[in-house]
Amino acid sequence: MPLSPPERTHAPFPAPRRRPTALLRARDRGWCVRANRWGARGVVRRYFATISRLGDGVFWYTLMAVLVVADGLAGLAASLHLALTGVVALTLYRRLKRWTRRPRPFAADGRIQAWVAPLDEFSFPSGHTLHAVTFSGVALAYYPWLATVLVPFTASVAVSRVVLGLHYPSDVLAATAIGSLLAGASLWLGSLL
């Protein structure tokens, strides 16, 4: 009696599945590589380098001074709120960086160029973005009309960190979430006082 072919044929073994975290890391790195290529364009690099430099603190200190001069005691109250929230943001960001110790993109991937010098060794979270989101959230609670300046500036700071090869998109997204929570908590605590 001849053998009949099997009713079912077995498919070859499926390709191994990548773990979700590995897939997210690969996508994060891919987005970073693509964004970093924009930095090769001189005008783009200069724009984001300038924005990043202003985000080091120059922009925020200037804003606080202008608020005091332009709005007196109300501006002073807003500036003190910004300064106190900034101290908390700085402490939190430094501790997170020391705890996570995530290498910067340019240090981990040879395809990524650091277009400006980093302020420290580690990547997670983006301190520039965390501060920009926190400061903007608090400032906009006092002066909503500043949105036309603060929203584009904050978005540019966040994008600059990836384009300049200093942060992964996930560093920026995490910093945005942390900064939003910090600004919200600060405003909530301020309302209780």
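Just so you know, residue 1 is the first one in the sequence shown, and it goes up from there. Note that the structure is a prediction, hence the values are computed from the model and not measured.
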Worksheet item: Which heavy-atom pair separates Gly179 from Thr134 by the least distance, and what is that distance?
Response: CA-OG1, 3.2 Å
Worksheet item: Side chains of Arg111 and Arg37: does their closest heavy-atom pair fall under 4.5 Å?
Response: no
Practice prompt. Under the side chain to side chain contact (heavy atoms under 4.5 Å, CB included) rule, what do Tyr168 and Arg102 come out as? Steps first, then yes or no, please.
Written response: CA-CA 10 Å; Tyr168 294 100; Arg102 184 181 195 185; 3.3 Å; yes
Worksheet item: Any link between Val68 and Val87 through a network of hydrophobic side chains (Ile, Leu, Val, Met, Phe, Trp, Tyr) touching at under 4.5 Å?
Response: no
Discussion item. Could you report the tightest heavy-atom contact between Pro105 and Cys32, atom names first, then the distance?
Written reply: CB-SG, 3.6 Å
Worksheet item: So is Arg41 actually on top of Trp38's ring, under 6.0 Å and inside 45° of the axis?
Response: yes
Worksheet item: To the nearest 0.5 Å, how far apart are CH2 in Trp115 and OG in Ser52?
Response: 14.5 Å
Discussion item. Tell me whether Ser160 contacts the main-chain N or O of Val157 through its side chain, where contact means a donor paired with an acceptor under 3.5 Å.
Written reply: yes
Response to the item:
Output for pair (Leu90 CG, Thr85 OG1), nearest 0.5 Å, gives 12.5 Å
Discussion item. With clusters defined by side-chain heavy atoms of hydrophobic residues (ILVMFWY) lying less than 4.5 Å apart, directly or transitively, does Trp145 cluster with Tyr142?
Written reply: yes
Worksheet entry | Atom CZ of Arg27: over 12 foreign heavy atoms under 6.0 Å | no
Worksheet item: Hey, what do you get for CZ (Arg25) to CG (Leu23), rounding to the nearest 0.5 Å?
Response: 10.0 Å
Discussion item. Within this structure, what is the NE2-CG distance for the pair His131 and Asp56, rounded to the nearest 0.5 Å?
Written reply: 11.0 Å
Discussion item. Check the orientation of Phe59 and Phe153. Use parallel for under 30°, tilted for 30 to 60°, and perpendicular for over 60°.
Written reply: parallel
Worksheet item: What is the minimum heavy-atom distance between Arg45 and Leu164, and which atoms define it?
Response: O-CD2, 4.3 Å
Fill in: Ser186 and His81: side chain donor to acceptor below 3.5 Å
yes
Worksheet entry | Donor-acceptor contact present, side-chain Asn36 to main-chain Gln113, <3.5 Å | yes
Practice prompt. Would you sort out whether Val88 and Leu84 count as a side chain to side chain contact (heavy atoms under 4.5 Å, CB included), showing the intermediate values?
Written response: CA-CA 7 Å; Val88 173; Leu84 289 172; over 6 Å; no
Worksheet item: Which pair of non-hydrogen atoms, one from Ala139 and one from Leu82, has the smallest distance, and what is that distance?
Response: N-CD2, 3.9 Å
Worksheet item: Hey, does Phe106 have a side-chain heavy atom less than 4.5 Å from the side chain of Leu166?
Response: yes
Worksheet item: So do the side chains of His128 and Leu119 get within less than 4.5 Å of each other, counting heavy atoms only?
Response: yes
Worksheet item: Looking only at heavy atoms, what is the nearest atom pair of Val163 and Gly39, with distance?
Response: CG1-N, 3.8 Å
Worksheet item: Between Ser136 and Trp60, is any pair of side-chain heavy atoms under 4.5 Å apart?
Response: yes
Fill in: Cluster link Val58 to Leu67, ILVMFWY, side chain under 4.5 Å
yes
Worksheet item: How far does OG1 of Thr176 sit from CG of Leu130, to the nearest 0.5 angstrom?
Response: 8.5 Å
Item to complete: Indicate yes or no for a side-chain donor-acceptor contact from Thr100 to the backbone of Leu96 under 3.5 Å, with no hydrogens or angles considered.
Response: yes
Worksheet, complete the sentence: The side-chain contact (heavy atoms from CB on, under 4.5 Å) partners of Val151 (sequence neighbours excluded) come to Leu140, Ala147
Worksheet item: For Val116 and Arg53, what are the C-alpha separation, side-chain angles and deciding distance, and is it a side chain to side chain contact (heavy atoms under 4.5 Å, CB included)?
Response: CA-CA 9 Å; Val116 297; Arg53 180 68 182 117; over 6 Å; no
Worksheet entry | Common cluster, Leu182/Trp99, ILVMFWY with side-chain heavy-atom separation under 4.5 Å | yes
Practice prompt. Would you indicate whether the side-chain heavy atoms of Ile178 and Val133 approach each other to under 4.5 Å?
Written response: no
Discussion item. With a 4.5 Å cut-off on side-chain heavy-atom distances among I, L, V, M, F, W and Y, is there a chain of contacts connecting Phe122 to Val172?
Written reply: no
Worksheet item: For the residue pair Phe124 and Ala174, what are the closest heavy atoms and their distance?
Response: CE1-CB, 3.4 Å
Discussion item. Contact between Val149 and Leu63 at the side-chain level, heavy atoms closer than 4.5 Å - yes or no?
Written reply: no
Worksheet entry | Donor on one side chain, acceptor on other, Tyr143 and Asp71, under 3.5 Å | yes
Worksheet item: If you measure from CZ on Arg46 to CD1 on Ile51, what distance do you get to the nearest 0.5 Å?
Response: 14.0 Å
Practice prompt. Can you tell me which residue pairs pass the side chain to side chain donor-acceptor pair (under 3.5 Å) test with a partner in residues 116-127, sequence neighbours excluded?
Written response: Tyr93-Asp120, Lys97-Asp120, Arg104-Asp120, Ser123-Asp171, Ser126-Thr129
Worksheet entry | Donor-acceptor pair, side chain of Asp28 and main chain of Ser170, under 3.5 angstrom | yes
